[in-house]
Amino acid sequence: MSKICLCLTAKTIKRNLEILNKYRKYTDITELRVDCLDPDERLYIRRFPELAGIPVILTIRRDIDGGYFTGGEGARVKLLANGLAYANVDSRFNFAYVDIEEDFDVPSLEEAARTFGTRIIRSCHKLDGITEDISAKINSMQRAGDEIVKLAVAVKTSNEVLQVLRAAKNCTIQDKIMVCMGHYGIYSRILAERFGSFLTYSSALSESEIAGAPGQMDVCELSELYRFRKITDKTKIYGIVGNPLKSSVSPWFFNTVFSLENTNAVYVPFPATSVSDILDIAEKLEVQGLSITVPYKEAVLQRLVKRSPIVQFIGACNTVNYSKDGWIGDNTDCIGFSSSLLDFIGKKNLKYQKITIIGAGGVAHAVASEVHRLGGKALILNRTAHKARKLASNYNFRWGGLPQNGGDSQGIDLISKYNDIIIQTTSVGMEGYEISDPLDLYTFSGKEVVMDLIYTPAVTPFLRRAMAAGCRTINGYDMVIRQACQQYVRFIGGEIPQKLLSQLNSMGETAWNKIRSA
């Protein structure tokens, strides 16, 4: 089972020990990043293992490898030697591991380490992505059978993660650490076990110290939300695919349910640059099911071996399950949206309602379908007018373009005839996307019901302006929870117990916002 390593990057020994003691219950191994210490503090590293009381990795990371040590190699070798000197016969008082690079060549130091039980982590840091055969690189690094091989790649695409994963699966070295650094490799840290990694690195991000490397997760989040220590080869894996995913509530929702139900499953973010590559990755990781979000709800269709009737009809998919034949697609946005809106306005249908839908992407397809099914009439507006026209033609709705770069306002002029309800379905205003108002040329009267399907931030510029005008407003949080409940049914095969759902609702946005701000 993979272990959690807490990376300590404070400037003093005292501060590092304070952080370790605060998060000790989450920590199996700790890494002392000597390169982050003040110069005077580096003189006292030898006693750190005894003070820490748990296995410690001695690391002095060079700046060329993403660290902070800028001195010469001679000075670094001397520091490493000081850290390993005066070895105690009781190995608990020595560094358990020393991290040295593949080009490090000081046999006497390595032999001294081995003599007193200090294992060598032979590391390679690829800060510019993958430029060679990763499998060959891993197999060539190990100089002795007791060494742990570590490969850390700063990945920029899903395909690079896929290459690392393939190399990990093909590698014959038993003890290794495979890390995909950065946003696109976050799941390599959560699913370290599936990547064949001996450990996963984490940081205490709630403290003021720097993270040890790009993409390192907070040790509390890794332990509590993702229940890292309970992930085994028997754990069922689910997740969410999109780009970006920093604002998704789904990991909190599903992992909270799994924890409360004591289900051996984990729900993981899969930020993606290619939906095809991420599905290949998911298959290798034996993922059972995935939520699909912006911008892949339409692109995923080409990989489906079977589509539900609603996916076939609207041309957008937000839920996939893996079968022996391949990926099966469904859509829970439809029922999530309509049940949320109807509850909010207190109606059983949308008859006699004139509605404006902003956007023509995957979510807009689900919204338009439900508006039509429930008897509403709609106007669809989109920056790319031909996409609005194509979607509107499915239901005999009106359509128009939204002005770009000072263009005409023809679409805006039509809203006055379709303003009982205005529904914003685009990513404009979402964290990580364009923070603006997609309808800034429209003046709210205050009588409109306004729904923005974004929930992070809770109030977008568009929603804030509607609220100021006196409109009744709702964001997308309620919808995403409702559609997630439907995804749970498709993933697990049974509904969430009502008692548990009430408990989740009572936790609500407050819990989610607390997790996001941690």
Side-chain angles (χ1 to χ4, degrees), residues 1-62 67-69 71 74-101 104 106-123 142-150 174-177 197-204 207 209 212 219 223 229:
M1 183 179 296
S2 295
K3 301 179 183 297
I4 294 179
C5 177
L6 176 62
C7 186
L8 298 174
T9 59
K11 294 183 178 182
T12 67
I13 297 292
K14 180 181 178 181
R15 177 58 179 153
N16 279 320
L17 288 171
E18 288 174 352
I19 295 171
L20 174 59
N21 287 330
K22 186 174 180 180
Y23 301 98
R24 185 176 293 273
K25 68 178 180 179
Y26 303 123
T27 307
D28 301 307
I29 299 171
T30 191
E31 179 185 40
L32 179 63
R33 284 287 297 275
V34 178
D35 53 302
C36 297
L37 289 171
D38 287 334
D40 290 345
E41 290 287 316
R42 295 172 181 175
L43 301 174
Y44 307 105
I45 62 175
R46 178 63 191 88
R47 287 196 61 213
F48 191 81
E50 179 180 354
L51 297 172
I54 63 172
V56 182
I57 302 172
L58 171 61
T59 300
I60 309 176
R61 182 79 63 235
R62 302 175 300 194
Y68 299 92
F69 188 82
R76 195 169 74 107
V77 170
K78 185 176 180 180
L79 269 176
L80 287 167
N82 289 342
L84 299 173
Y86 306 107
N88 198 301
V89 293
D90 187 340
S91 61
R92 293 175 299 172
F93 299 146
N94 303 327
F95 282 98
Y97 309 90
V98 59
D99 185 318
I100 54 179
E101 298 75 20
F104 184 89
V106 184
S108 58
L109 190 146
E110 296 178 28
E111 185 59 33
R114 290 191 177 96
T115 299
F116 291 94
T118 299
R119 294 190 68 183
I120 292 172
I121 299 175
R122 187 76 62 181
S123 62
Q142 192 180 54
R143 299 183 187 176
D146 62 343
E147 289 186 355
I148 300 168
V149 172
K150 173 188 173 184
Q174 184 67 28
D175 290 338
K176 57 184 177 292
I177 303 169
S197 289
F198 165 68
L199 58 77
T200 192
Y201 292 91
S202 64
S203 293
E207 306 298 322
E209 279 67 32
V219 66
S223 300
R229 284 176 168 147

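No hydrogens, no waters, no symmetry mates; every other heavy atom, side chains included, goes into these values. Everything quoted here is computed from the prediction, not taken from an experiment.
- Annotation for C7 and G212: closest pair SG-CA, 3.6 Å, computed over non-hydrogen atoms.
- Atom CD1 in I19 sits 6.5 Å away from atom OG1 in T9 (nearest 0.5 Å).
- A donor-acceptor contact shorter than 3.5 Å links the side chain of T118 to the backbone of F95.
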For R122 and I100: C-alpha separation, side-chain torsions, deciding distance, then whether side-chain contact (heavy atoms from CB on, under 4.5 Å) applies. CA-CA 5 Å; R122 187 76 62 181; I100 54 179; 3.7 Å; yes
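- Checked against side-chain contact (heavy atoms from CB on, under 4.5 Å), N21 has the following partners two or more places apart in sequence or in another chain: R24.
- Between the side chain of R229 and the backbone N or O of Y26 there is at least one donor-acceptor pair closer than 3.5 Å.
- Taking NZ of K11 as the start and CG of N16 as the end, the distance is 12.0 Å to the nearest 0.5 Å.
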Using the rule given for side-chain contact (heavy atoms from CB on, under 4.5 Å), can you reason through I121 versus I57, listing the C-alpha separation, both sets of side-chain angles and the distance that settles it, and then say yes or no? CA-CA 9 Å; I121 299 175; I57 302 172; 3.9 Å; yes
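- Legend: residues meeting side-chain hydrogen bond (donor to acceptor under 3.5 Å, both in side chains) with D90, ordered by chain and number and at least two apart, are R92.
- Checking side-chain atoms of T200 against main-chain N and O of I4 turns up no donor-acceptor pair under 3.5 Å.
- Between the side chain of R119 and the backbone N or O of I148 there is no donor-acceptor pair closer than 3.5 Å.
- Side chain of S2 to main chain of S197: a donor-acceptor pair is present (N/O by atom type, distance under 3.5 Å, no hydrogens or angles).
- In this structure, CD1 on I120 lies 8.5 Å from CD on E111, to the nearest 0.5 angstrom.
- The two residues L8 and T30 come nearest to each other via the heavy atoms CD1-OG1, 3.1 Å.
- Y97 is linked by a ring-ring contact (aromatic ring centres under 6.0 Å, His included) to F198, counting only residues two or more places apart in sequence or in another chain.
- Side-chain contact between R33 and E209: absent, with no pair of heavy atoms (C-beta onward) separated by less than 4.5 Å.
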Determine whether V106 and L80 satisfy the following criterion, side-chain contact (heavy atoms from CB on, under 4.5 Å), listing intermediate values before the conclusion. CA-CA 11 Å; V106 184; L80 287 167; over 6 Å; no
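- When all heavy atoms of S123 and D99 are compared, the closest pair comes out as OG-OD1, 2.7 Å.
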Stepwise, does the side-chain contact (heavy atoms from CB on, under 4.5 Å) test hold for I177 with Y201? CA-CA 10 Å; I177 303 169; Y201 292 91; 3.8 Å; yes
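- Take A87 and apply the side-chain contact (heavy atoms from CB on, under 4.5 Å) test, not counting sequence neighbours, and it matches N94, F116.
- A search for side-chain contact (heavy atoms from CB on, under 4.5 Å) contacts involving E18 returns K14, R15, not counting sequence neighbours.
- Applying the side-chain hydrogen bond (donor to acceptor under 3.5 Å, both in side chains) test to every pair with at least one member in residues 74-89, sequence neighbours left out, gives these pairs: E73-R76, R76-E101.
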